[in-house]
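For reference, the structure discussed in these notes is given below.
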Amino acid sequence: MSDLLNGLNEAQRLAAETTEGPVMVMAGAGSGKTRVLTYRIAHLINDLGVMPYNILAVTFTNKAANEMKERISKLVDADIQRMWVATFHSICCRILRRDISHLEGFKSSFTILDEEDSVKEIKETIKEMGLSTDEYKPKNVKCEISSFKNDMKSKFDDTTTEQIYFAYERRLKEENLLDFDDLILKTIELFEAFPDVLHKYQDIFTYLMIDEFQDTNTYQYKLVKMLGEKTRNIFIVGDQDQSIYSFRGARIENINKFQRDFKDTKVIMLEQNYRSTQNILDIANRVIDNNGSRFKKNLFTDSKDGIKPIFNKLNNAYGEACYVSDEIKRLMEMGYSYKDFAVIYRSNYISRNFEDVLLRQGIPYTIYGGLSFFARKEVKDILAYIRLIIDYDDSFSFKRIVNEPKRKIGPALIKRLEDCARENNCSLFKAIDLIDRGGQGYNSLLDFKFTIIELEEYLSSEEHKMNEIVDFIINRTGYKAMLKAEGDEGEERLKNVEELTTVLIETDEMYEGTRKEKLMQMLQEIALRTDADTKREGDDVVKLMTYHQAKGLEYKVVFLVAFEEGVFPSSMASFSERDIEEERRICYVGITRARERLYITCASERMVFGRTNSMFESRFLKEIGKESLEDKTVIPKKVFAQSNTKKPFVPGKASDVVETKRTNTTDISIGDKVNHKAFGDGTVVAVNGDVITVAFGEAFGVKKLLANHPSIRRL
DNA sequence: TCTCCATGAGTTTTT
DNA sequence: CTCATGGAGA
C-alpha cells in the first residue's frame, strides 16, 4: 500500500481506509472532511484498483464537485473524467437524459426550468384554468407545490391548489419540461417503475459517497438508499450542527435513519479542527451548546488561542459598513490581502450598505448571490434563441423570444397560435403555417419564422466559428439594436450577452461532436449551473455573502454583520424553538468560517422597508457571552446595558423612540466647517440625528455622512 | 400594441 | 426604499 494516507490524522485515516460497508463520519466544522473524501477516493483508485467510473460522489454544490475533482486528479494517475462527482440534481439530470424515455411520455431532450420559468408556467396554468392570479398567487402556489414535491407537506391545503398542481404537471409533460424538484422525483419514479434500470446503476456505482449528508431531504435519502442497497458501500459525511437547509426540506433525522436502515454502520468522529484558533472555536462551541436536541461533540484544536474575537455596535447600518471597511484597510496595512476577508450576513438585502461603502472606499469586492449570470433576462433570451434554432418544436423558448425584441406579436396572436397548435397537436412554430393568414402581426410572424430558419442555416454550416454565433443572432434579430437603444443599462446587458460568447468558446472545447451537438449538451447542463460555480475564486477581492453561501468556505478574517434581533435570528424564524435552533446552527456555521480573526457587529438602528427601526442585539450575542468578545463599542455603556435588558424590538413602542433619540447626539450643527479624509473641506448644510449632510464643493458634491465617523473632524 | 405612470407588495436562506 | 405589475391612454 502506498503512503498516500500518511498526511491524515488517525480518525481521518480510519475513515479513508474503511471502504467496505456503510460508514458514517460525523465531521465537525474544519475537521478536514473534504480532505478525507478526496483521499478516500484517491485511495480507492490508487491502492485498491477501483475504476473511477464505479465511484459516485455527491456534493452539495457544483463548485464543491469541481474542486473535489481537481483535488483528486492531483492525487491519482487514472483518468477521472468519467467519475461521477456532482450534486444530486446534476446526477439525476444525467441519469434522466439517458433513461427518462422509459417513462411514458417523457423525452430525453427535456428542458430544465429554473425558478423563474416554473413560476411563469404556473402563472399561465392558473390563467388557463380561469382562476384569479390574485387569489392564487403563482409564487405561493409554486412554493406549495415545491413543498409537496420535497415531502414538506403530504397533501395540499385546498383542492384548487391541488388541481393547479395536476394541470401544471400535465403542462410540463406536454411541453417537455422538468422543474428542479422533478429531477430527483422522476429519477425515483424511473427506478421504481423499472428495476432493471435501477440495477444497471447499482452495478455501476459500487462506491457511494455523500457529502453534507445532514442537508439531504427525504427523496434524496431515498435515492441514496436505492442506489446503495446492493453493494452497501455507502459513505456519508455530515455534521448535524451544520444543517441549515430545512426550509428546503432537509432532514437532520436522515442521520439517525441511516443508522437504523443500515444497522452495521461504522461511526467515525472527526473532532479535531484545523481551521480556527481556540478563541474562535470556544464561542462556536458555546453557541451550539444551546441547542438541546443534539449529540454532544466538542471541537478542539492544537492551534493557539489567537486574537480575541471583536464585537462592535455602531449607530446605524452605514456606520457598521464604515467600521468594517476601516478595519479591512487597517488589516491590509498589517499584511492581509483582500481575498482574506469575508463579510457574512443573514439575508441579501443587508449587503447594500457594504457595497456602497466598499465601492466608495475603493476596496475591490464581489457579491455572491443576486441574479446569477444564467438567470439574467438577456442571457436567457439569447439561449432561448439558440434552443429554438436547434429545435423548432421548443415552444417554451418560442414564446420567450417571439416578441423579444418587439415585433408586434402580442398575446392575442400567441393565443391564436396556441389554439391552433393544440388542435393540430403540433408545435407553435409549425402552427405558423396552419393559422389563418392575415390579421395583426401575421406578417411579422412570418418574418420571425424566416429569421429563425436563416439563423439555423448559419448555425449548421460549420464554416462559421462558434464565437461568431451570438454576434450573428443579436445582429440579425435586432436584439442588439434594442439594447443599444436602451442607453447605459442596455450597454451593461449587451456586455452580458457578449460574455455568452466566452461560454460558447468553452463549449466548443469541452464537448465532442458537431456544432449542434455541442450546443445541445451545453444547453442541457446550463440550468444547473449557478453563479457560485462560475465565480473565480482566485480573485484578490473581499467577498460578500450569506451564511448559506459561506458554508464549506473559510477565510482568515470574517465579519459577521447585522447581529440584530429580526435580522439574525431572522424575524421569519422567531416563532418556534425548532426555527431558532436552525438559526443557531447558521450562527455556528458563520463563526466557524473564520481562521484567524472574527468580528461581530450590529447597528442600533437600521433602515428596513424605507423606515428607520431601532434594533436590539441578537440573542446569540448573549449566548456567545460578551466576556469572550473584545467590545469596541464607543457609545456609552449604560445605553447598552439598558437595551440588553429590554424585550426585542416591537414597532411603535414608546421606549424605542427614547432609545433612538439618545443615540442621536452630535455636536456638529448646520453651518459648521468640517474636514473629511477623502472629500476634503466642506460645509454642513443639514443635520438629521447623527447623519449630517455636507456640501464639499464641485469635485465631490453633497454627501450624507455619519457625524461621528472617524474620517470626519470639525474645523 | 406599446409606453408611461401609479400603486402596491415585499426581503430568509437555494439546488 | 425598490421592484414589479397592471391599468389607462396613444
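Every chain is numbered from 1, with letters handed out A, B, ... down the list of sequences. FYI, side chains are in, hydrogens and waters are out, and symmetry mates aren't considered; it's all heavy atoms of this structure.
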- Heavy-atom side-chain contact between Ser146(A) and Asn150(A) under 4.5 Å: yes
- Message: For a quick check, tell me whether the side chain of Arg346(A) and the base of dT13(B) share a donor-acceptor pair closer than 3.5 Å.
- Response: yes
- Task: For Leu227(A) and Ile234(A), run side chain to side chain contact (heavy atoms under 4.5 Å, CB included): C-alpha distance rounded to whole Å, both residues' side-chain angles, the deciding distance at 0.1 Å, then the answer.
- Result: CA-CA 9 Å; Leu227(A) 282 171; Ile234(A) 312 174; over 6 Å; no
- Rounded distance in Å - CZ (Arg376(A)) to C1' (dC3(C)): 16 Å
- Item | Closest to the Glu115(A) side chain, choosing from dT13(B), dT12(B), dT15(B) | dT15(B)
- Query: Quick one: is Asn348(A) getting a side-chain N or O under 4.0 Å of the dT13(B) phosphate, OP1 or OP2?
  - Reply: yes
- Task: May I ask whether Phe247(A) stacks on the base of dT12(B), given the cut-offs of 5.5 Å between ring centres and 30° between planes?
- Result: no
- Note on the structure: Winner on side-chain proximity to Met572(A), out of dT13(B), dT2(C), dT12(B), is dT12(B)
- When rounded to the nearest Å, what value does the distance between P atoms of dA4(C) and dT13(B) take? 16 Å
- Query: Atom NZ of Lys137(A) and atom P of dG10(B): how far apart are they, to the nearest Å?
  - Reply: 6 Å
- Message: So if I take every side-chain heavy atom of Lys408(A) and compare against dT15(B), dT14(B), dT1(B), which nucleotide ends up nearest?
- Response: dT1(B)
- Item | Tyr349(A) OH to dG10(B) P, straight-line distance once rounded to whole Å | 16 Å
- On DNA chain B, nearest-nucleotide positions of Glu583(A) versus Thr87(A): which is more 5'? Glu583(A)
- Is it the case that Asp151(A) and Asn217(A) place a side-chain donor and acceptor less than 3.5 Å from each other? no
- Query: Between atom CD in Glu212(A) and atom P in dT15(B), what is the gap in whole Å?
  - Reply: 12 Å
- Note on the structure: Considering only heavy side-chain atoms of Ser347(A), the closest of dC2(B), dT13(B), dT15(B) is dT13(B)
- Between dG6(C), dT15(B), dT14(B), which one does the side chain of Thr61(A) approach most closely? dT15(B)
- Message: With a 4.0 Å cutoff (strictly under), does any side-chain N or O of Gln549(A) reach OP1 or OP2 of dT14(B)?
- Response: yes
- Query: Under 4.0 Å between a side-chain N/O of Asn217(A) and OP1 or OP2 of dT15(B), yes or no?
  - Reply: no
- Task: Could you label the plane-to-plane angle of the Phe191(A) and Tyr201(A) rings as parallel, tilted or perpendicular, counting under 30° as parallel and over 60° as perpendicular?
- Result: tilted
- Query: Do Phe341(A) and Tyr365(A) make the cut of ring centroids closer than 6.0 angstrom?
  - Reply: no
- Let me know the distance between CZ of Arg352(A) and P of dT2(C), rounded to the nearest Å. 7 Å
- Task: Classify the nucleic acid contact of Asp181(A) as base, sugar-phosphate or nothing, counting any heavy atom under 4.0 Å across all strands shown.
- Result: nothing
- Message: Checking contacts here: which listed nucleotide (dT12(B), dT15(B), dT14(B)) is nearest the side-chain heavy atoms of Phe180(A)?
- Response: dT15(B)
- Message: Just to be sure I understand the rule, does Phe88(A) reach a base, reach only the sugar-phosphate, or reach nothing, if contact means heavy atoms closer than 4.0 Å?
- Response: nothing
- Considering heavy-atom distances to DNA chain B, does Tyr245(A) or Val608(A) have its closest nucleotide positioned more toward the 5' end? Val608(A)
- Query: When you measure from the centre of the six-membered ring of Phe60(A), is the NZ or CZ of Lys551(A) under 6.0 Å away and within 45° of the axis?
  - Reply: yes
- Query: Which nucleotide in the set dT15(B), dT14(B), dT12(B) lies at the smallest distance from any side-chain heavy atom of His548(A)?
  - Reply: dT14(B)
- Protein-nucleotide distance (Tyr368(A), atom OH; dT13(B), atom C1'), rounded to Å: 17 Å
- Task: Return no unless some side-chain N or O of Thr546(A) is found under 4.0 Å from OP1 or OP2 of dT14(B).
- Result: yes
- Euclidean distance, atom CD1 of residue Ile580(A) to atom P of dT12(B) [Å, nearest integer]: 15 Å
- Query: Rounded to whole angstroms, how far apart are CZ on Arg94(A) and C1' on dT15(B)?
  - Reply: 16 Å
